[in-house]
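Below you'll find the structure, written out as C-alpha cells, and then a few comments.
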Amino acid sequence: MADLLLLPVLLPLAGAVATAVLPWRRTVGLTVAAAQLGFAVAAVVAVLRDGPLRGSPGGWEPPLGIALRLDGLGAAVGLLAAVVVLAVLGHAVARPAAAGGPSAWPLTLVTVAGLQAVLVSGDLFTTYVALELMTVGAVGLVALGGRRALAPALRYLCVAVLGSFAFLVAVALVHARTGTLTLELAAGALPPGPALGTVLALATVGLGVKAVLAPLHAWLPDAHAAAPTTVSPLLSALVVKGSLVVLVRLWSALGGHAGLAVVLAVLGSGAVLWGGVLALRQDRLKRLVAYSTVAQVGYLVLLLPLALPALDPAAPDGARTGALLAWEGALLLLLAHGLAKAALFLAAGTLVGVAGGDRVADLAGTATRAPMVVLTFGVAGACLAGLPPSLGFTGKWRMLEGAVTSGAWWAVAVLLVGGLLTASATARVLGVALRPDPDPAAARRGVPAGARWPALTLAVLAVGTGVGSAWLVDLLLVGAVPAG
Amino acid sequence: MTTTTWLPVLVLASSLVPAVAIFLLPEDRHRTRTTLNLAGALAKVGLVVALIPPVLAGRRFEWRVPFLPEVDLVLRVEPFGLLFLGLSAFLWLLTTVYAIGYLRTDGRHRSRFFGFFSLCVVASSGIALSGNLVTFVVFYELLTLATYPLVAHQQTAAALRGARVYLTYTLGGGVALLLGAVWLTALAGPVEFARGGSPAVAALAAEQPGAARAALALLLVGLAVKAALVPLHGWLPRAMVAPAPVSALLHAVAVVKAGVFGVVLVVDELAGVEVAADLGLLGPLLVVACATILWGSVRALRQDGLKARLAYSTVAQVAYVTLGVALLSPVATVGGVVHVVHQGLMKITLFFCAGLLAQTLGATRVSELAGAGRRMPLTCAAFTVGALGMIGLPPVAGFVSKWYLGLGAVDTGQPWVLVVLVVSSLLNAAYFLPVVGRMWWGRPGSTSRSGTRARWEAPPALLVPALVTAGCSLLAAVAAGVPLAPLSMAWLIVQGG
C-alpha cells in the first residue's frame with residue numbers, strides 16, 4: 001500500500017516541476033489533478049476495507065526510518081483536496097484571468113504535495129517538513145495577487161514561520177522526553193504533566209496561527225481580498241485544513257489538556273461569533289467570505305474541548321458518548337466547510353468579475369446576468385450556515401447532538417447563533433444580487449460556460465454528501481483514537 | 001404491514017427531476033418547460049392515486065438511508081401523510097397550469113421560477129412522507145430555502161423586503177425547531193412518528209418531564225412560525241408580494257400547511273395526545289390558536305388590499321387546524337385534520353381568483369372590485385364559493401370542518417371555544433360579504449379601473465383551475481360521507497385503520 005501513500009505526494013511534485021518548465025501547463029496540471037482524484041478514491045476504499053494504511057519508505061522501519069500512516073481522517077481530507085483541486089484547476093482553465101498567471105500551476109501543485117505529505121506522515125518531524133512545504137506553496141499563491149498582495153503575503157509568511165517555530169519546539173520536546181518522533185509510539189510515553197501541557201500549548205499556538213484561529217487571523221482577509229479567484233479556495237478550503245488535521249491528531253494521540261481546552265473553547269466561540277459579525281459587516285464580497293472562514297475555523301476548533309472526554313478512558317460513559325458525537329460532527333463540518341467554502345470563493349470571484357467591482361453593492365443585477373453563479377453562492381452559503389439538506393447540516397446536527405448529550409449548552413448556543421450569522425451574511429449578498437440591474441444597457445463581461453460548472457459541482461457535492469453521511473463517519477473513525 | 005420500496009423516493013423524484021431539468025433549461029424553451037412541469041405534476045398525481053388503495057388496506061411503504069450512524073432518513077407512506085401528499089399533488093397540478101398561464105404575460109426568469117416552484121413541491125412532499133423527526137426537519141428547512149426566491153421573484157424593493165422578513169422569521173423558527181429536534185434525539189434516540197405517539201418520547205416524558213416538555217415546546221415554537229400563530233405571524237401578510245400562483249401555493253399547501261402539519265405530527269404522532277396533555281402543552285396551544293383565530297380576523301377587517309385581506313384570513317383559518325389538535329377530543333382532531341384539506345381547497349380558489357381579477361381588471365383593492373361580477377361572472381362565482389366556505393356556511397367544505405370543531409369543543413366541555421368559533425364566523429362574514437356584495441351588486445364607479453380592458457373572462461388556463469378548486473370545495477362538503485372524501489379519510493386517520 002506504500003504506493004497509495006507516496007505517489008500522491010511525489011506525483012504533484014513532479015507535476016510542479018513539469019508545469020514550471022514545460023509549455024503544456026493545463027494538460028499536465030489537469031492530468032495530475034485527475035490522477036490525484038483516482039489515488040484519493042483508491043485510498044478511501046483501501047482505508048475503509050483494511051483500516052489505516054502504513055508504510056515506511058525504503059523499508060526502514062521506525063524508530064530509524066520515516067513512518068507513513070494514513071488514517072480515515074487523512075483519507076477523507078485527501079479526497080476533499082483532490083476534488084477541490086480538480087474543480088479549481090478546471091475553473092482556471094475556463095477563466096485563465098482568474099488564476100494569477102503561469103506560476104499559479106506549479107505553486108498549486110507544490111501546495112497539494114505539501115498537504116498530501118501532511119496527511120500521510122506518521123511522525124512529527126516529517127509532519128513539520130510537510131507543513132513547511134505546504135506553507136511555502138501557499139505564501140507563493142498569495143503573492144500571485146500582485147503588488148496589493150505583497151504585504152499580506154509577507155505578513156502571512158512571518159506569521160507562518162513563527163507558527164512553524166513553535167511547532168518545531170513542541171516536536172523537539174516530544175523527542176527529548178520520549179526518544180521517538182513517531183506519533184503512535186509517543187502516544188503512551190508522555191504522561192500528563194507540565195511537559196505534556198507545554199508540548200500541546202506550543203503545538204496548538206503554532207498550528208492555530210497557520211489555521212487562522214482568531215485572534216491570529218488578521219492577515220487572512222487582506223490576503224484573500226488581494227488573491228486571485230482560484231487561490232482563495234485553496235487557502236481556505238485546504239491549507240487551513242492541513243494544520244487542523246495535525247492539531248486533531250496530536251491532541252488525540254497525546255491525550256489533550258483540560259486547561260488548554262478551556263482556552264480553546266473561549267477562542268473558538270469568540271471566532272465563531274466575532275467572525276460572523278465581521279463577515280456581516282464587510283462591504284467587500286471577498287472579505288465577507290474570508291471573515292466567514294474565521295468563523296468556520298472557530299467551529300472546528302471547538303472540536304478539541306468538546307471531544308476531550310473521549311480521549312480520557314476514566315471519563316464517565318455519558319460524557320464519552322457526547323464527546324464522540326461532537327468529534328464526528330466537527331470532522332464532518334471540516335469536510336463540509338472545505339467543499340462549500342471552495343465553491344463560495346469560486347462563485348464570489350466569478351461574481352466580482354461579472355459585477356465589475358468587488359463591493360457587495362456592485363452585485364445588483366447579477367442574479368439576472370449570472371443566475372447559476374448566484375445559485376452556487378446561495379447553495380454553498382446555505383451549506384456553511386448548516387441548513388439542510390447538506391453536509392454542513394449533518395455535521396452541525398451531530399455536533400449539536402454531542403453538545404446536548406454532554407451538557408455543553410454554551411456550545412449549543414454558539415453553534416446556533418453562528419449558523420444564523422452565516423445565513424444572514426449569505427442572505428445579504430443574495431438580497432443585493434436579486435436587485436434590479438441599475439444599468440441594464442451597459443455592456444458587461446459574461447461568465448464563460450466552463451467557469452460555472454466547477455463551483456456548482458462543489459456546491460452540489462456539499463449538498464449531496466449530506467443525505468447519506470453514515471459512510472463518511474465510518475471513514476473518519478478509522479484509526480482515530482477516540483473510536484479505539 | 002410495512003414494505004421497503006423505492007415508491008416514496010419516486011414520489012419525490014417526480015418533482016425533483018423536473019426541478020433540476022428546468023434549472024438547466026435555457027430561458028426561451030417554453031414548450032419543453034411546460035411539458036416537464038405537467039409531466040412531473042401528472043406523474044405525482046398518478047403515483048398518489050396508485051398509493052391510496054394499498055395504504056387504505058393497511059399497507060405501509062417505507063424507504064430508509066443511513067443519514068448518520070444510528071440515525072436514518074425515513075420516508076414512509078401513512079394515511080395522514082398521504083392525505084397531505086394528495087392535497088399537494090392535486091393542487092400543484094392545478095397551480096402549475098395556472099402559473100403557466102399567469103406568467104405568459106409577465107414572464108421573466110421563468111426557469112428560476114418553475115425550478116424553485118418544483119423544489120417547493122419536493123419539500124412539501126418530503127414533509128408529508130417524513131417518518132421521523134430528522135427527515136421532517138430536513139424537508140421543513142428545504143421548504144424555507146426553496147420559497148425564498150419565489151417570494152422575491154418580482155425583484156422589486158417591496159418583494160425583496162418581504163422576502164427578507166420571511167427569511168428572518170422562518171430561519172429563526174428553524175433554530176428553535178432544530179434545537180428541539182436535536183435535544184429530543186439526544187435524549188430519546190432517533191424518534192420515529194407513530195400512531196398515538198412514539199413510545200420513546202412517552203418513556204422520556206415519564207422519566208424527565210421537564211426536559212421532554214422543553215424540547216417539545218421548542219418544536220412547537222419553531223413550527224408556530226410557519227403555521228403563522230400569533231405573535232409569530234408577521235411574515236405572512238408581507239410575503240403576499242409574491243406572484244399570485246406562489247401566494248396560492250404558500251397559503252394553501254406549502255408553507256403554512258407545513259407548519260400546521262408539523263404541529264399535528266408533534267402532538268399526535270410524536271408525543272401522543274395524552275402525553276402532550278400531561279406535559280401541559282395543549283392548554284397554551286389552545287389559547288394561542290383561539291387568539292390567532294380572532295386576531296387574524298380582526299386584522300383582515302381593516303385591509304383594503306384584496307391579497308392582504310386574504311393573507312390575514314389565512315392566519316385565522318389555519319389556526320383552526322391547531323385548535324382541532326389542541327382540543328383533547330377525537331372529533332375535534334377530525335375537524336382539524338379535514339380542515340387541512342378544506343382550507344387548502346378554499347383558500348387556493350380565493351387566491352386564484354384574486355390573481356385573475358388583478359390581471360384581467362387590474363383590480364388589487366377591495367374598493368376597485370365594484371361590478372366585477374358582471375364582467376367576470378365565473379371568476380366571481382368561484383370567489384363567492386370560497387368566501388362562503390371561509391365563513392363556514394353550508395354547503396361548502398368550511399362548514400364541515402367548523403361543525404366537527406364545534407362538536408369537539410362541546411365534547412371536551414369547553415363551550416367557550418364555541419363562542420370563539422361563532423365570533424370568528426361573524427368576523428369572516430364581516431370581511432368577506434362586503435367583497436362579494438360589491439362584486440355582484442356594486443356599480444363600477446370612478447375608483448374602479450374595470451373599464452381598462454375589453455376582455456370578459458380570463459383565459460381558460462387561469463380560469464379552469466379556479467373553477468375546479470371551487471367545485472371541489474363544494475363537493476368535499478356535499479359528498480363528505482363518501483369513502484375517499486377528505487372527511488372519511490380524516491376519520492380513518494384519527495381512528496386508525
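No experiment lies behind these values; they were computed from the predicted model shown. Numbers restart at 1 for each chain; the letters A, B, ... are given by sequence-line order, proteins then strands.
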Next item on the list: Kindly indicate whether the side chain of A:Pro388, heavy atoms from C-beta on, has any atom under 4.5 Å from the side chain of B:Leu142.
Entry: no

Checklist line | Portion of A:Leu420 that has a non-hydrogen atom of chain B nearer than 4.5 angstrom | finding: side chain

Notebook entry, point to check: Within a strict 4.5 Å, meaning less than it, do heavy atoms of the A:Val412 and B:Val182 side chains meet?
Noted result: no

Notebook entry, point to check: Which atoms of A:Leu332 come close to chain B, meaning under 4.5 Å heavy atom to heavy atom: side chain ones, backbone ones, both, or neither?
Noted result: side chain

Candidate polar pairs, chain A side and chain B side, donor-acceptor under 3.5 Å:
residue: A:Arg398; atom: NH2; partner: B:Pro69; partner atom: O; Å: 3.1
residue: A:Leu434; atom: O; partner: B:Gln155; partner atom: NE2; Å: 2.7
residue: A:Ser469; atom: N; partner: B:Phe67; partner atom: O; Å: 2.9
residue: A:Ala470; atom: N; partner: B:Phe67; partner atom: O; Å: 3.3

Next item on the list: Answer with side chain, backbone, both or neither: which region of A:Pro371 has an atom nearer than 4.5 Å to a non-hydrogen atom of chain B?
Entry: neither

Note to self: Which atoms of B:Ala163 are under 4.5 Å from chain A, going by heavy atoms: the side chain, the backbone, both sets, or neither?
What the structure shows: neither

Check: Is it the backbone or the side chain of B:Leu167 that comes under 4.5 Å from a heavy atom of chain A, or both, or neither?
Finding: side chain

Notebook entry, point to check: Checking heavy atoms, do the side chain of B:Leu145, its backbone, both or neither come under 4.5 Å from chain A?
Noted result: side chain

Check: Tell me, side chain or backbone of A:Ala382 under 4.5 Å from chain B's heavy atoms, or both, or neither?
Finding: side chain

Check: Of the listed residues (B:Pro66, B:Ala159, B:Pro69), which shares the most heavy-atom pairs with chain A below a 4.5 Å separation?
Finding: B:Pro69

Item checked: Under 4.5 Å from a heavy atom of chain B, the part of A:Val467 involved -> both

Next item on the list: Could you go through the side-chain contact (heavy atoms from CB on, under 4.5 Å) check for B:Leu171 and A:Leu387 one step at a time?
Entry: CA-CA 9 Å; B:Leu171 286 182; A:Leu387 292 170; 3.9 Å; yes

Next item on the list: With a 4.5 Å cut-off on heavy-atom pairs, point out which of B:Leu178, B:Val71, B:Val65 contacts chain A the most.
Entry: B:Leu178

Checklist line | Pairs where residues 117-127 of chain B contributes a residue and the test salt bridge (charged side-chain N to carboxylate O under 4.0 Å, His left out) is met, not counting sequence neighbours | finding: none

Check: Heavy-atom distance under 4.5 Å to chain A: side chain of B:Val138, backbone, both or neither?
Finding: both

Notebook entry, point to check: With a 4.5 angstrom heavy-atom cut-off, which part of B:Leu160 approaches chain A: side chain, backbone, both or neither?
Noted result: side chain

Checklist line | Contacting region of A:Leu434 [heavy-atom separation from chain B under 4.5 Å] | finding: both

Notebook entry, point to check: Where does B:Val134 contact chain A at under 4.5 Å (heavy atoms): side chain, backbone, both or neither?
Noted result: both

Notebook entry, point to check: Under a 4.5 Å heavy-atom cut-off, does chain B meet the side chain of A:Leu375, its backbone, both or neither?
Noted result: side chain

